Chemist: 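Provided herewith is a single structure, encoded as structure tokens, for subsequent inquiry.
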Amino acid sequence: MNTDIMPAVANVLSGILFIAVSVPLFKRKIKMNDLYGFRIPKAFKSEENWYSINEYGAGQLITASLFMILIGVVFLFVPVKENLHLFIAIGPMTLSILIAIVKTLIYAKKL
């Protein structure tokens, strides 16, 4: 694969993966468990907290993923300097997911 498009492909594929993982949580299809979802102490207080926090968090992750996909598509057409490949591949992914997690933690505190 051409290394010029690898950062773009990484963002697009990661975005698709995060959306696929988030949709069942967003649709409230995942019961309380120890492996999958936003497993923070507040989510385990009640089933309603579990579903509310995971629905909200999944929505945030879907939004973050759409941003990652958009960035990936942009960088399919914008040349990237060799020394920026790693930053373009990991930066948007890390930042957008971090923002989604922080927003979810803030939401959970309000419950």
Side-chain angles (χ1 to χ4, degrees):
M1 180 179 283
N2 182 350
T3 59
D4 288 339
I5 66 168
M6 287 178 71
V9 170
N11 277 287
V12 170
L13 292 179
S14 296
I16 292 168
L17 176 65
F18 277 113
I19 289 172
V21 168
S22 297
V23 167
L25 293 168
F26 187 76
K27 290 184 172 184
R28 296 179 169 234
K29 300 284 186 188
I30 306 300
K31 293 181 181 178
M32 199 181 298
N33 67 82
D34 291 327
L35 298 174
Y36 177 37
F38 284 86
R39 299 173 322 275
I40 58 176
K42 189 87 174 225
F44 288 105
K45 297 278 185 196
S46 69
E47 277 194 30
E48 184 52 40
N49 277 6
W50 173 264
Y51 287 115
S52 293
I53 290 168
N54 279 283
E55 178 183 13
Y56 182 86
Q60 293 301 311
L61 283 175
I62 290 168
T63 302
S65 298
L66 292 172
F67 173 73
M68 288 169 21
I69 292 169
L70 176 65
I71 292 293
V73 169
V74 166
F75 281 105
L76 282 173
F77 302 102
V78 175
V80 178
K81 291 184 179 181
E82 187 70 33
N83 58 345
L84 293 178
H85 278 172
L86 186 60
F87 174 75
I88 296 301
I90 296 174
M93 195 180 320
T94 303
L95 184 61
S96 58
I97 298 304
L98 183 62
I99 290 170
I101 290 169
V102 168
K103 287 178 77 173
T104 303
L105 292 172
I106 291 168
Y107 172 81
K109 276 189 170 186
K110 294 178 184 177
L111 291 181

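Residue numbers count from 1 along this sequence. Note that the coordinates shown come from a computational prediction; the quantities given were computed from them, not determined experimentally.
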Chemist: Does the side chain of N11 reach to within under 4.5 Å of the side chain of M93, using non-hydrogen atoms?
Modeler: yes

Chemist: Please name the pair of heavy atoms, one in G57 and one in T104, separated by the smallest distance, quoted to 0.1 Å.
Modeler: CA-OG1, 3.2 Å

Chemist: Going hydrophobic residue to hydrophobic residue with side-chain gaps under 4.5 angstrom, can you get from V9 over to V73?
Modeler: yes

Chemist: Kindly work out whether a path of hydrophobic side-chain contacts (I/L/V/M/F/W/Y, heavy atoms less than 4.5 Å apart) joins V23 to I69.
Modeler: yes

Chemist: In the structure I gave you, are the side-chain heavy atoms of F67 and S96 within less than 4.5 Å of one another anywhere?
Modeler: yes

Chemist: Is there a side-chain contact between K110 and I106 (heavy atoms, below 4.5 Å)?
Modeler: yes

Chemist: Is there a side-chain contact (heavy atoms from CB on, under 4.5 Å) between M68 and I97 once you walk through the steps?
Modeler: CA-CA 9 Å; M68 288 169 21; I97 298 304; 4.1 Å; yes

Chemist: Are L13 and L17 connected, step by step, through hydrophobic side chains (Ile, Leu, Val, Met, Phe, Trp, Tyr) whose heavy atoms are closer than 4.5 Å?
Modeler: no

Chemist: If every non-hydrogen atom of S46 is compared with every non-hydrogen atom of M32, which pair is closest and at what distance?
Modeler: O-CE, 3.5 Å

Chemist: Looking only at heavy atoms, which two atoms of I30 and Y51 are closest? And how far apart?
Modeler: O-CE2, 3.4 Å

Chemist: Tell me the closest heavy-atom pair linking G72 and A8, and the distance in Å.
Modeler: O-CB, 3.0 Å

Chemist: State, yes or no, whether a side-chain contact exists between D34 and F44 at a heavy-atom distance under 4.5 Å.
Modeler: yes

Chemist: Over all heavy atoms of both residues, which pair between F18 and S65 is shortest? Give the atoms and the distance, please.
Modeler: CB-OG, 3.0 Å

Chemist: When hydrophobic residues are tied together by side-chain contacts of less than 4.5 Å, even through go-betweens, does L95 share a cluster with V102?
Modeler: no

Chemist: Taking atom OG1 of T63 and atom CD1 of I19, what is their separation to the nearest 0.5 Å?
Modeler: 9.0 Å

Chemist: Using side-chain heavy atoms (C-beta onward) and a distance below 4.5 Å, is Y56 in contact with K103?
Modeler: yes

Chemist: Looking only at non-hydrogen atoms, find the nearest pair between A20 and P24 and report the distance.
Modeler: O-CD, 3.3 Å

Chemist: Within the structure provided, determine whether L61 and L25 are in side-chain contact (heavy-atom separation under 4.5 Å).
Modeler: no

Chemist: Is K29 salt-bridged to E55, cutoff N-O under 4.0 Å?
Modeler: no

Chemist: Is V12 reachable from V21 through a run of I, L, V, M, F, W or Y residues, each pair having side-chain heavy atoms under 4.5 Å apart?
Modeler: no

Chemist: Check whether any side-chain heavy atom of I62 lies under 4.5 Å from a side-chain heavy atom of F26, and answer yes or no.
Modeler: yes

Chemist: Enter the distance from F38:CZ to L105:CG here, rounded to the nearest 0.5 Å.
Modeler: 8.0 Å

